[in-house]
Amino acid sequence: MTPSGVIRSRIDSVDLLRGLVMVIMILDHTRDFVHSASYQFDPTDMSRTYPLLFFTRWITHFCAPVFVFLAGTSSYFQIARGKQKKELSLFLIKRGFWLILLELTVVRIVAFWQVDYRFLGVMQVIWVLGWCMIGLAALIHLPLRVIAWFGIGMIAVHNLFDSVTVAPWQGPGSPVPGALAKLWLVLHQSAAFPVAGWPSPVVFILYPLIPWIGVMAAGYALGRVYDWPAEERRRKLLRWGLAITVGFVLIRLTNLYGDPGEWSVQKSAPMTIVSFFNVQK
């Protein structure tokens, strides 16, 4: 069904948000050049970090989610501008496979400066964007309400499966995960493993596909709000944003759900705040 309003121009707020997260992302990539101990410990290591350093890392947690979410929103805009779903599906599939190929070639070589494919690469944001686009290529043929609940549901409940883990591969000589274990690592658990048996190329899944496909699906569904009158859209987005933010704070306070790492009272109030916000991306 064609959206009621046709979006013909770029959306300034979406472009502004994309630009903002690109600027924030620079923090993550420049820290290595300005922080003398950048290769000695992680900025989120509670035993060594300090508030200012921690938040230069924490703020970049917004980058990948925003990129994936807005990729879904931009896909909806293409439908709103008149592109047929079949045409959009083909575009997303081709774009997705190109991104996966880039992750395994250009991005990998630039990141590691070597072409020894005994280490296949680190599957990061570009990889997950590619697979999410391929997944969205199928999802867009479902009713928008179903896509919305699929995305929200995956984001909301995926932490229920955090306790389901497989033994990670420990290196040469250790057991190689089986096919189902590897599938689970790709879907939900970050780890490294040989593609086949050792010594086949090793891949490190830094970004499992869940919940990122849900994030892109939710972004696609949210694109529908840009068919609404501007004032109604702003009002609803503000309410939803405040509700989600308050919900995060309340859930995090309980230490019962949402992140594998619990927060705790530290030796100082600033470090307690750091502990509270020290969550996985």
Side-chain angles (χ1 to χ4, degrees), residues 1-25 59-96 98-99 125-126 128-158 207 209-248 281:
M1 184 175 181
T2 303
S4 57
V6 178
I7 302 170
R8 299 189 180 279
S9 60
R10 298 193 66 87
I11 308 299
D12 290 341
S13 58
V14 172
D15 287 340
L16 179 63
L17 185 55
R18 278 204 183 104
L20 177 62
V21 296
M22 288 180 186
V23 172
I24 292 173
M25 189 170 59
I59 190 65
T60 62
H61 284 1
F62 287 97
C63 297
V66 169
F67 286 141
V68 175
F69 187 89
L70 291 184
T73 305
S74 298
S75 297
Y76 180 88
F77 290 165
Q78 293 191 54
I79 293 294
R81 293 187 178 107
K83 181 172 286 190
Q84 298 298 310
K85 288 186 177 181
K86 181 179 179 180
E87 183 183 2
L88 178 59
S89 285
L90 291 173
F91 170 80
L92 289 171
I93 291 170
K94 289 187 288 187
R95 173 70 63 89
W98 271 114
L99 288 174
V125 179
I126 304 300
V128 88
L129 271 169
W131 281 115
C132 287
M133 287 181 178
I134 293 169
L136 187 63
L139 289 172
I140 63 172
H141 297 282
L142 298 174
L144 191 64
R145 186 180 297 273
V146 174
I147 299 172
W149 282 113
F150 172 85
I152 294 170
M154 183 176 286
I155 295 168
V157 308
H158 81 277
Y207 279 71
L209 302 187
I210 298 173
W212 296 102
I213 292 177
V215 173
M216 187 173 286
Y220 179 87
L222 190 79
R224 180 69 175 84
V225 306
Y226 286 89
D227 294 330
W228 300 351
E231 286 304 317
E232 179 185 2
R233 179 174 68 246
R234 293 190 190 99
R235 185 172 64 253
K236 290 287 183 64
L237 288 175
L238 180 60
R239 289 177 180 175
W240 294 344
L242 288 173
I244 292 169
T245 302
V246 171
F248 161 77
K281 186 180 296 185

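Just so you know, these numbers use all the heavy atoms, side chains as well, and skip hydrogens, waters and symmetry mates.
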(request) Give the intermediate values and the outcome of side chain to side chain contact (heavy atoms under 4.5 Å, CB included) for residues Leu136 and Leu88. (result) CA-CA 10 Å; Leu136 187 63; Leu88 178 59; over 6 Å; no

(message) Counting C-beta onward and ignoring hydrogens, is there a side-chain heavy-atom pair between Leu142 and Phe150 closer than 4.5 Å?
(response) no

(message) Just so I know, are the side chains of Tyr76 and Val225 near enough to count as touching, which here means a heavy-atom distance under 4.5 Å?
(response) no

(message) Does any part of the side chain of Tyr220, heavy atoms only, come nearer than 4.5 Å to the side chain of Ile79, both counted from C-beta?
(response) yes

(request) Give the minimum heavy-atom separation between Gly219 and Thr73, together with the two atoms involved. (result) O-OG1, 2.8 Å

(request) Check the pair Tyr226 / Ile11 against side chain to side chain contact (heavy atoms under 4.5 Å, CB included), numbers first and verdict last. (result) CA-CA 9 Å; Tyr226 286 89; Ile11 308 299; 3.5 Å; yes

(request) Would you name the heavy atoms of Gly214 and Ile155 that are closest together and state the gap between them? (result) O-CD1, 4.0 Å

(request) Taking all non-hydrogen atoms of both residues into account, name the closest pair between Leu92 and Ser75 and its distance. (result) CD2-OG, 3.6 Å

(message) Applying salt bridge (Lys or Arg N to Asp or Glu O under 4.0 Å), can you list everything that pairs with Lys236, at least two apart in sequence or on another chain?
(response) Glu232

(request) For residues Ile147 and Leu139, report the shortest heavy-atom separation together with the two atoms involved. (result) CD1-O, 3.1 Å

(request) Quick one: closest heavy-atom pair of Ala71 and Met133, and the distance? (result) CB-CE, 4.4 Å

(request) Using the side chain to side chain contact (heavy atoms under 4.5 Å, CB included) rule, take Met25 and Val21 through it: C-alpha gap first, then chi angles, then the decisive distance, then the call. (result) CA-CA 6 Å; Met25 189 170 59; Val21 296; over 6 Å; no

(request) Please indicate whether Lys94 has more than 12 foreign heavy atoms, meaning atoms of other residues, nucleotides or ligands, lying under 6.0 Å from its NZ. (result) no

(request) Check whether any side-chain heavy atom of Ser89 sits under 4.5 Å from a side-chain heavy atom of Ile140, and report yes or no. (result) yes

(message) Can you tell me how far apart NZ (Lys83) and CZ (Phe91) are? Round to the nearest 0.5 Å.
(response) 5.5 Å

(request) State the CG-OG distance between Leu20 and Ser13, to the nearest 0.5 angstrom. (result) 12.5 Å

(request) Would you mind telling me which of Trp131, Tyr207, Phe67 makes a ring-ring contact (aromatic ring centres under 6.0 Å, His included) with Trp212? (result) Tyr207

(request) Scan side-chain atoms only and decide if Ser74 and Arg18 contain a donor-acceptor pair under the 3.5 Å cut-off. (result) yes

(request) Report the relative orientation of the aromatic rings in Trp228 and Trp240; use parallel for angles under 30°, tilted for 30 to 60°, perpendicular for over 60°. (result) perpendicular

(request) Could you please spell out the steps behind the side chain to side chain contact (heavy atoms under 4.5 Å, CB included) verdict for Leu129 and Met216? (result) CA-CA 9 Å; Leu129 271 169; Met216 187 173 286; 3.9 Å; yes

(request) With sequence neighbours excluded, tell me which residues meet salt bridge (Lys or Arg N to Asp or Glu O under 4.0 Å) with Arg235. (result) none

(request) Assess whether atom CZ of Arg233 is packed by more than 12 heavy atoms of other residues, nucleotides or ligands within 6.0 Å. (result) yes

(request) Any chance you could measure Leu17, atom CG, to Met22, atom CE, to the nearest 0.5 Å? (result) 10.5 Å

(request) Name all residues meeting the side chain to side chain contact (heavy atoms under 4.5 Å, CB included) criterion together with Gln84; count only those two or more places apart in sequence or in a different chain, and write none if there are none. (result) Glu87

